[in-house]
Amino acid sequence: MRRFRRLRASEEIRSLVQETRLSAKELIYPVFVKEGENIKAPVDSMPGIYQWSLDRFDEELDRISASGIAGLLIFGIPEHKDELATEAYSETGITQRAIRHIKEKYPRLLVIADVCLCEYTSHGHCGVVCCGEILNDDTLPLLAKMAVSLADAGADIIAPSDMMDGRVAAIRAALDSAGHINTPILSYSAKFASGYYSPFRDAAQSAPAFGDRRTYQMSVTNGREALREIADDIDEGADMVMVKPALAYLDIVRAARDRFGLPIAAYNVSGEYSMVKAAAANGWIDEKRIVLENLIAIKRAGADIIITYHALDAAEWINE
Ligand code: PBG
Ligand code: ZN
């Protein structure tokens, strides 16, 4: 008889043969910075997550920097939104100011800047809209301008999440000609048109005013296409690629890991977080166990980097 139980007999031996380990150093925490003053506004659908104004943001940054995680993914919520997302690429935009502040006070935190227009457009779409259509090629220069302006502000990594075709090449060219040849691109390559984003749209105030995002984000049915999206972003110059959401798409994470050599990130998105928090608040599940099990599953599927709203709690639990 094969006795698998020999290697399960004690905590010590189980730990010795543990195949997958989590480290705080591979976790990234998303944050929401909002224009205005004295704001620490809870996001109702995401318990524990807040929108912060810059004057109160240090409270959150202190926690992040003490946690030992790798860094943060920053989303800005401007006061002024318009058709062309002007605040997305303004030198004095909320995100640009927040990045300058972080890099000044917490230089060792990695700052990943999300590049997308939806928080800054009056219609909430990720690209330029004309006659009810989301225009691909007209959006690219704006994304490129936004990326350069975020890199100018000090962002360590540029992360385009818009899903326009050709944006990685456009952003790479713009970064290079602005002198940011060493700023890496983490592309949201396989981003699905998912129902799991709805709590985020409350947090970032970025829900589309008409229609949905299915003409640019991927169909949840398509695994092979996801690999073509990833391959294309690599060709265009992505340094790292992302699969998003994470838990319902672990097959894509695994397939990407087996096929490509570069670092792969998985985004454990807002809806995945909210479901765990809601069940835990009802006493139906053990939050710590479930969170660590989910993160291990993402890691086991092949992710090198995990973006998660659980990052600060998880970092504490990992180090216990
Ligand atoms: C913006 C963006 C979204 C998310 C990250 N960047 C929302 C969307 O595409 O509607 C979702 C993150 C989450 O749900 O946690 N393009
Ligand atoms: Zn967007």
Side-chain angles (χ1 to χ4, degrees), residues 20-33 40 42-43 45-52 57-76 95 98-99 102-103 105-114 155-157 159 161 186 188 196-197 199-200 202-204 240 242-250 253 263-281 285-320:
T20 311
R21 284 176 209 278
L22 276 176
S23 158
K25 293 191 176 65
E26 61 212 359
L27 301 180
I28 299 287
Y29 188 59
V31 295
F32 301 96
V33 191
K40 177 185 176 182
V43 179
S45 52
M46 302 178 72
I49 303 297
Y50 299 84
Q51 300 172 327
W52 298 89
F57 195 29
D58 283 2
E59 181 185 331
E60 184 80 321
L61 292 169
D62 285 338
R63 276 179 74 214
I64 298 172
S65 120
S67 72
I69 66 167
L72 50 86
L73 173 63
I74 189 161
F75 296 96
T95 317
I99 293 172
I102 301 165
K103 292 315 288 187
K105 274 199 81 175
Y106 307 83
R108 306 205 39 208
L109 275 181
L110 274 179
V111 175
I112 306 180
D114 185 274
D156 297 293
I157 298 171
S161 71
L186 162 59
Y188 286 68
Y196 284 103
Y197 306 150
F200 173 94
D202 299 337
M240 300 177 272
M242 192 194 298
V243 175
K244 174 187 174 189
L247 290 170
Y249 299 85
L250 293 184
V253 175
I264 293 170
Y267 196 149
N268 179 216
V269 298
S270 57
E272 300 177 301
Y273 173 85
S274 301
M275 292 195 308
V276 170
K277 295 300 275 190
I285 56 168
D286 174 343
E287 180 176 354
K288 174 176 157 182
R289 259 188 93 175
I290 293 291
V291 167
L292 293 177
E293 189 169 333
N294 282 349
L295 298 181
I296 280 285
I298 296 167
K299 185 90 192 282
R300 200 185 58 236
D304 304 289
I305 302 161
I306 303 176
I307 302 167
T308 179
Y309 302 94
H310 298 291
L312 301 188
D313 292 332
E316 214 174 291
W317 294 330
I318 291 167
N319 294 325
E320 268 173 7

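Geometrically, Lys244 engages Tyr197 in a cation-pi contact, judged by NZ or CZ lying under 6.0 Å from the ring centre and within 45° of the ring axis.
Ala203 and Met46 make their closest contact through CB-SD, 4.2 Å (heavy atoms, listed as atom of the first residue, atom of the second, distance). The minimum heavy-atom distance between Ala159 and Tyr188, with the atom names listed, is O-CE1, 3.5 Å. Across all their heavy atoms, Ala315 and Leu27 have their closest contact at N-CD1, 4.3 Å. Heavy-atom minimum distance, Ile102 versus Leu72: CD1-CD1, 4.1 Å. Taking each heavy atom of Pro47 and Lys277 in turn, the nearest pair found is O-CE, 3.4 Å. The two residues Ser67 and Asn319 have their closest heavy-atom pair at O-ND2, 4.3 Å.
In this structure, the separation between CD1 on Ile112 and CD1 on Ile157 is 4.0 Å, given to the nearest 0.5 Å. One finds the CZ atom of Arg108 at 10.5 Å from the NZ atom of Lys103 (value rounded to the nearest 0.5 Å). Here the CD1-CG distance, from Ile290 to Leu295, works out to 11.0 Å after rounding to the nearest 0.5 Å. Taking OH of Tyr267 as the reference point, atom CE of Met242 lies at 7.5 Å (rounded to 0.5 Å). For the atom pair CG of Leu292 and CD1 of Ile318, the computed distance is 6.5 Å after rounding to the nearest 0.5 Å. Taken from CG in Leu186 to CG in Asp114, the straight-line distance is 9.5 Å, to the nearest 0.5 Å.
Between Glu26 and Lys299, at least one side-chain nitrogen of the basic residue sits less than 4.0 Å from a carboxylate oxygen of the acidic one, meeting the salt-bridge criterion. The pair Glu320-Lys288 counts as a salt bridge, with a side-chain nitrogen and a carboxylate oxygen less than 4.0 angstrom apart.
A side-chain donor-acceptor contact under 3.5 Å links Glu272 to the backbone of Val269. Although no hydrogens or angles enter the test, the distance criterion places no donor-acceptor pair under 3.5 Å between the side chain of Ser274 and the main chain of Gly271. Remark: the backbone N or O of Ala246 is not paired with any side-chain donor or acceptor of Asn268 at under 3.5 angstrom.
Between Phe200 and Phe32, the distance separating the two ring centers is shorter than 6.0 angstrom.
Residues Tyr273 and Ile49 meet the side-chain proximity criterion, which asks for heavy atoms closer than 4.5 Å. Inter-residue side-chain proximity for Leu250 and Arg300 is flagged as unmet; no heavy-atom pair is nearer than 4.5 Å. In this structure, the side chains of Ile298 and Leu247 come closer than 4.5 Å at one or more pairs of heavy atoms.
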- [ ] Please report the C-alpha distance between Ile28 and Thr308 in whole Å, then the side-chain angles of each, then the deciding distance to 0.1 Å, and finally whether the side chain to side chain contact (heavy atoms under 4.5 Å, CB included) criterion is met.
- [x] CA-CA 6 Å; Ile28 299 287; Thr308 179; over 6 Å; no
